[in-house]
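All remarks here apply to the structure that follows.
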Amino acid sequence: MSVTEPAPAVVPAAHEAAGILRRQSARESAARTYARALPIVPVRARGMTIEGADGQRYLDCLSGAGTLALGHNHPVVLEAIRTVLDSGAPLHVLDLATPVKDAFTTELFRTLPPALADRGRIQFCGPAGTDAVEAALKLARTATGREGLLAFTGAYHGMTAGALEASGGARDVRVARLPYPQDYRCPFGIGGARGAELAARWTENVLDDTKSGVPAPAAMILEPVQGEGGVLPAPDAWLRRMREITAARGIPLIADEVQTGVGRTGAFWAVEHSGIVPDVLVLSKAIGGSLPLAVVVYRDDLDVWPPGAHAGTFRGNQLAMAAGAATLAYVRENRLAERAADLGSRMLAGLRSLAADHDCVGEVRGLGLMLGVELVDAEGSQLAGGGGKSGGVAQQLPYDHQVPHQRSPLPQQPHPQPHDQSHPHPHPHPHDRPDHSPHDLPDTRPHPADPDLAAAVQRECLRRGLIVELGGRHSSVVRLLPPLTITDEQATAVLDRLADALTAAERSHRRAATGRPRPDHA
Ligand code: PLP
């Protein structure tokens, strides 16, 4: 793929890259993140390709943490930005009305579930997803007059105080933490539809038991697919149960679609898979077309907060609104959500074929082009919770990992959607097992997460020109978030490079474990 010609001034000579990286590590905060695992100096980017100052090219499956729905520097995005720049329009207008903002809002409302769009209000927030989460929580607290919040294990909603409170790592008493359904690390040990139903019943019980210690909450906040939590798509039936449970009790349901929105999961908005209509939708990342933008859209009857209730200087980023409107329109007109569903399910099948060759893959999961490969220590103890690597008694999973497979990185035949429960998984899920009475629940535990192996896979991917993200509870999930514009050829290249990286990392990991010297990665 060709890469746009850069302005010469911003492109350092290749030998300067090392200096830039050295100065970064000397001057930037210890809290920096991606820069640690991805020591590259991007100077040009187009579509899915990033070029480093050293001339190396990479396929970018990080996409600005899921922001770049159309990849880097898409022509329609550049054109939209240039049009605003050339028009002489003000770039900064607080929350004043402008034609650019009007066009963005019109395009956004056009994509929303009609039941929300018809009665929708929009609040432009400070330019990060976390500020939109703050706004949503404040809105719900104002509308209900209540304080408490229902949120889920493994959630990630951002880094400001309220969003952190709602996230899985928090220890705040105002937040009641509820189980998020998942198969491989199901808190009830059974996964599948039954595990999800138990999670729903737990939620119901917490709300209805007058002695549960959880007062009536201001809202429930959830991600339809947990991204940072390790790529966990919530079952549609569970989402519908959450909608019913909250609606029946007058609890506003906030869907955080900061990461899942704009076609990423194979529907324009991830809530469309289940058909639920949340009361509040939190949006950021891709809606700004690669520039910072964040909004909350909610039903009009919640709109009872006073003027200035959620202010902020940077709520009027005209370039982001123009880039965002162009992105939303392009995704809609080119049916990129459908493309994400189709290619995503083929990539998922390819990853599952790959998994069948590697014991270290605990689970492959995802929805659309939001994919994850959880890496585990297959020889490690299978502990309750599956988190640590020490202690515990090893137990055999009661199912066979040797499932026939074909090693075809990107199947061309249509595959069932990831939510299709009939689709055989190369590593059978707990929900494939027969039902058990409470007394003979199998004591099956997931293998311990292997964050060291995941980090090694990420490094090996980078060496092969592939940028991937790590996520999940133990940073052991290799995440793929390619742009929705990824071609079939690029998808095959991603799977090939990941397969090679996995083999290389596994080999060096094993050698390290047996005390032999590590290979020099020639
Ligand atoms: N909500 C979700 C679901 C996210 O994934 C993120 C970021 O990854 C946020 C909120 C916070 O967004 P931001 O990093 O822009 O503050």
Side-chain angles (χ1 to χ4, degrees), residues 29 31-35 37 61-69 123-140 149-170 175 180 182 219-234 239 242 253-265 269-271 273 278 280-297 310 312 314-315 317 320 323-324 327 366-372 468-473 475 477 479-481:
S29 148
R32 68 192 186 281
T33 53
Y34 303 103
C61 271
L62 176 53
S63 300
T67 302
L68 303 167
Q123 165 74 19
F124 286 84
C125 301
T130 194
D131 193 58
V133 170
E134 297 291 342
L137 301 181
K138 194 185 290 175
L139 176 80
L149 193 64
L150 302 177
F152 291 89
T153 50
Y156 182 74
H157 298 291
M159 280 283 165
T160 48
L164 263 183
E165 237 174 66
S167 299
V175 175
Y180 192 87
Q182 50 178 316
M220 171 187 283
I221 182 166
L222 57 77
E223 297 152 87
V225 181
Q226 284 192 348
E228 305 303 311
V231 193
L232 298 168
L239 281 168
M242 292 306 104
L253 177 64
I254 303 171
D256 179 346
E257 290 238 31
V258 166
Q259 194 164 138
T260 50
V262 195
R264 168 67 52 197
T265 68
W269 306 107
V271 289
H273 292 289
V280 184
L281 204 49
V282 183
L283 308 175
S284 188
K285 291 197 194 275
I287 63 160
S290 76
L291 296 179
L293 189 62
V295 303
V296 198
V297 181
H310 197 79
F314 287 108
R315 285 175 293 152
N317 187 335
T327 299
L367 194 58
L369 287 172
M370 194 167 174
L371 302 163
V468 297
E469 154 83 309
L470 297 185
R473 264 61 161 190
S475 294
V477 179
R479 302 191 56 198
L480 301 179
L481 289 163

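In this chain, residues are counted from 1 in sequence order. Keep in mind that the numbers below use all heavy atoms, side chains included, and drop hydrogens, waters and symmetry copies. As the structure is a prediction and not an experimental result, all values here were calculated from the model. Every number for a ligand or one of its atoms is a count from 1 in the order of the listing.
Using a 4.0 Å heavy-atom cutoff, K285 is listed among the residues neighbouring ligand 1.
Remark: atom 14 (O) of ligand 1 lies closer than 4.0 Å to no protein heavy atom.
The shortest side-chain heavy-atom distance between E223 and E228 does not fall under the 4.5 Å cut-off. With a 4.5 Å cut-off on side-chain heavy atoms, Q259 and R264 do not count as touching. Residues I254 and L137 meet the side-chain proximity criterion, which asks for heavy atoms closer than 4.5 Å.
Across all their heavy atoms, P224 and V271 have their closest contact at CG-CG1, 4.1 Å.
Of the protein's non-hydrogen atoms, the one nearest atom 5 (O) of ligand 1 is Q259 NE2, 2.7 Å. With hydrogens left out, the protein atom closest to atom 1 (N) of ligand 1 is D256 OD2, 2.6 Å, a heavy atom.
The atoms of ligand 1 that sit less than 4.0 Å from any heavy atom of H157 are 1 (N), 9 (C), 10 (C), 11 (C). Annotation for ligand 1: atoms under 4.0 Å from non-hydrogen atoms of G129 are 12 (O), 13 (P), 15 (O), 16 (O).
With a 4.0 Å heavy-atom cut-off, ligand 1 is reached by the backbone of T130 and by its side chain too.
The backbone N or O of V225 lies less than 3.5 Å from no partner atom in the side chain of T260, so there is not a single donor-acceptor pair. Proximity of a side-chain donor or acceptor of K285 to a complementary backbone N or O of G129 within less than 3.5 Å is not detected.
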